[in-house]
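For reference, the structure is listed below as structure tokens.
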Protein chains: 2
Amino acid sequence: MLTPERHKLILQLIKEKGVVKIQDLVDLTETSESTIRRDLTQLEEGKYLKRIHGGAARLQGKLQEPSMTEKSSKNLQQKRQIAKYAAGLVEEGDSIYLDAGSTVTEIIPFLPSKEIVVVTNGLMHINALLERNIKTFIIGGFAKEQTKAIIGRGAMASLEHYRFDKCFMGVNGIHPQFGYTTPDQDEAMIKQMAISLSREAFILADDTKFSEIAFAKIADLHTATIITNGLDEEHQEPYASKTTIKVVTA
Amino acid sequence: MLTPERHKLILQLIKEKGVVKIQDLVDLTETSESTIRRDLTQLEEGKYLKRIHGGAARLQGKLQEPSMTEKSSKNLQQKRQIAKYAAGLVEEGDSIYLDAGSTVTEIIPFLPSKEIVVVTNGLMHINALLERNIKTFIIGGFAKEQTKAIIGRGAMASLEHYRFDKCFMGVNGIHPQFGYTTPDQDEAMIKQMAISLSREAFILADDTKFSEIAFAKIADLHTATIITNGLDEEHQEPYASKTTIKVVTA
DNA sequence: TCAAAAATAATCAAAATCAATCATTTTATC
DNA sequence: GATAAAATGATTGATTTTGATTATTTTTGA
């Protein structure tokens, strides 16, 4: 195994578990203790981790991702959290629909790459999907400039040819009475259809979307499961009886 | 195996896996270790990858596309010439089909932006088209990674819904007897269909494409008009009787 | 505190990988 | 077809990485 591969594995494991034992790394990488020790020394020098007696630990101290404003960084973190959880729902062999939208894009890095099929109307997803070598189909139709989404009659007809195990999408409003809503009627129709073509549908939404209402109705609450974060129990109440909410915690 | 082929394979594998071992590349390309080492050295110089002990790794530094070689820059000038002429053929109110491919992309900046409708299977064209506020439809189907083209059965069905005044495409081979050819059969079928759905079809080709034959046949010469440059009269002769050639001059 | 156990660091030889060289083959040019 | 140029594959010795060994330090538990 090549050095960078090992380093990557080590960092990955440390990121997940916080601390790791040397012996675990030896087993994981199938190399000798000496090699692992050398790796840890190097990684510590590069400030990627902290060595501790018996292994190594993640350093929480600091710089993970520079640049990015306060808001968008926090926002992105939230999106990632939600996206990561959503990706965890995808199983090998699934066919899934990814609706256009920046929140949904965040799912892609976490998807299992083998044996899944993705259908999407989101042009912004294409590069990320192809880079991960995921089998990707795009639906045909009119390309809308602002949102880089494929919409319109043709898109509906194109979508009709597929069936999905799961679909993931963002919305602009979630309301106990008015259900899921979005500003553009054409996009609403696509979303609605995608939900109806999926065995399970998931709405990805940060807490600002709750109690909001946008122009075009997509569907009633019960037709999809909501994945969100940081929504306290009090605010969940009006929705809890009408649909399933998964609150992802940090 | 030819050098550019190997380089392509190497980059492809590295893109997929992040890191590759030299021995894997030797097996993959069925050449010697020496050759692979030389390849890696060259590719590293061109900033396409980073050599590591035992193999090579993808560089995340980012800038992927820029580095244009001597050759491709000259090539680009030719492409632009051809593309500009082709764009001049488009009239207001036309519906046109732009096939996937780098030559065709060059048409976009020269297109009249008002009152035309573009249909394409080329994902690489989308951004340029939307930036110019051109009414754009994309056909649905399987997204092929290497060429960023939409292909397959779905694409054929999707294409079927449209009719065009003109269509523009590149090819890999033009031959008096074997007509227009391209390496990928799926792409050939799409091209063929696009031609048959168009009132007029145009092939954009620099002079290196003449007398070449690729694997999959698209159509006979007479089905399209060839737009090329720098092809002297002597070489035009075998084709002139079978189709129309427009030679663009500098 | 002290001794045993565990973990670490230092050392070294073997293995793997590397760069440089050269003879041979392939390709391009006249 | 002859020649030059480029690409290739094998070989060599140098360098890097690795795993085992041994000595040193840290931790553990009585």
Side-chain angles (χ1 to χ4, degrees), chain A residues 1-14 17-59, chain B residues 1-14 17-59 67 69-75 78 172-173 183 206-214 230-232 234-235:
Chain A
M1 182 177 312
L2 267 33
T3 309
E5 286 187 83
R6 280 198 318 270
H7 286 193
K8 207 168 153 194
L9 274 177
I10 291 171
L11 290 176
Q12 193 177 317
L13 197 61
I14 278 192
K17 313 196 46 167
V19 294
V20 286
K21 289 202 275 271
I22 293 232
Q23 195 49 53
D24 292 343
L25 295 175
V26 170
D27 296 342
L28 176 69
T29 60
E30 292 176 340
T31 57
S32 70
E33 205 178 294
S34 299
T35 300
I36 293 298
R37 289 185 190 287
R38 276 185 284 254
D39 285 342
L40 294 184
T41 305
Q42 287 175 33
L43 289 170
E44 184 174 40
E45 281 170 3
K47 300 265 193 289
Y48 291 108
L49 51 76
K50 181 167 164 27
R51 294 192 66 178
I52 57 178
H53 197 88
R58 171 174 43 193
L59 35 80
Chain B
M1 180 177 310
L2 268 38
T3 308
E5 282 187 81
R6 279 199 320 272
H7 285 196
K8 215 164 148 188
L9 272 177
I10 291 171
L11 290 177
Q12 193 177 321
L13 197 62
I14 278 193
K17 313 199 37 167
V19 293
V20 286
K21 288 203 267 276
I22 291 224
Q23 196 49 53
D24 291 344
L25 294 175
V26 170
D27 296 343
L28 175 70
T29 61
E30 291 177 342
T31 57
S32 70
E33 205 179 293
S34 299
T35 299
I36 294 298
R37 287 184 192 290
R38 274 184 283 254
D39 285 342
L40 293 184
T41 304
Q42 286 175 32
L43 290 170
E44 183 176 43
E45 281 168 1
K47 300 269 193 292
Y48 291 108
L49 50 77
K50 180 168 161 30
R51 294 193 66 180
I52 57 177
H53 195 92
R58 173 173 43 193
L59 33 80
S67 75
T69 69
E70 209 71 5
K71 175 171 171 295
S72 64
S73 151
K74 181 190 166 196
N75 215 288
Q78 290 190 345
N172 287 70
D206 59 69
D207 51 16
T208 66
K209 303 301 195 320
F210 288 87
S211 307
E212 294 291 317
I213 306 172
L231 189 72
D232 51 49
E234 181 190 347
H235 289 93

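Each chain gets a letter, A, B and so on, in the order the sequences are listed, and its residues count up from 1.
The CD atom of A:Glu30 sits 21 Å away from the P atom of D:dT17 (whole-angstrom rounding). We find that CD of B:Glu33 is positioned 13 Å from C1' of D:dT12, with the value rounded to whole Å. Here D:dT17 presents its P atom at 11 Å from CG of A:Leu2, a figure rounded to the nearest Å. Protein atom CZ of B:Arg37 is 8 Å distant from nucleotide atom P of C:dT17, rounded to whole Å. Atom P of nucleotide C:dT17 and atom NZ of B:Lys21 are separated by 9 Å, given to the nearest angstrom. Rounded to an integer number of Å, the gap from A:Glu45 CD to C:dA9 P is 11 Å. The distance from atom CD of B:Gln23 to atom C1' of C:dA16 is 11 Å, rounded to the nearest whole Å. Summarising the geometry, the separation between CG on A:Asp39 and C1' on D:dT16 is reported as 14 Å, rounded to the nearest angstrom.
Of the candidates C:dA9, D:dG19, D:dT18, D:dT18 carries the atom nearest the A:Arg6 side chain, counting heavy atoms from C-beta on. Comparing D:dT26, D:dG19, C:dA9 by their nearest atom to the side chain of A:Ser34 picks out D:dG19. Listed nucleotides D:dT26, D:dT18, C:dC18 differ in distance to B:Ile22; the shortest reach to its side chain belongs to C:dC18. Here the nucleotide nearest the side chain of B:Ser32, chosen from D:dG19, C:dA7, D:dA10, is D:dA10. Picking from C:dA7, D:dT8, C:dC18 the nucleotide with the shortest atom distance to the side chain of B:Thr35 gives D:dT8. Each of C:dA19, C:dT8, C:dT11 was ranked by its minimum atom distance to the side chain of A:Arg38; first place goes to C:dT11.
Taking the side chain as every heavy atom from C-beta outward, A:Leu25 and A:Asp39 never approach each other to under 4.5 Å. Counting heavy atoms from C-beta on, the side chains of A:Thr3 and B:Ile52 never come closer than 4.5 Å. The side-chain heavy atoms of B:Ile22 and B:Leu40, taken from C-beta on, include a pair separated by under 4.5 Å. A 4.5 Å side-chain heavy-atom check between B:Arg58 and B:Val19 finds every atom pair outside the cut-off.
Among the protein residues, A:Thr31 comes within range of the sugar-phosphate backbone only, with heavy atoms under 4.0 Å from sugar or phosphate atoms but none that close to a base. No contact: A:Ile36 has no heavy atom under 4.0 Å from any strand.
Mapping B:Gly54 and A:Gly54 onto DNA chain C via the closest heavy atom, the residue that lands nearer the 5' end is A:Gly54.
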Checking side-chain contact (heavy atoms from CB on, under 4.5 Å) for the pair A:Ile14/A:Leu43: CA distance, chi angles, key distance, verdict?
CA-CA 12 Å; A:Ile14 278 192; A:Leu43 289 170; over 6 Å; no
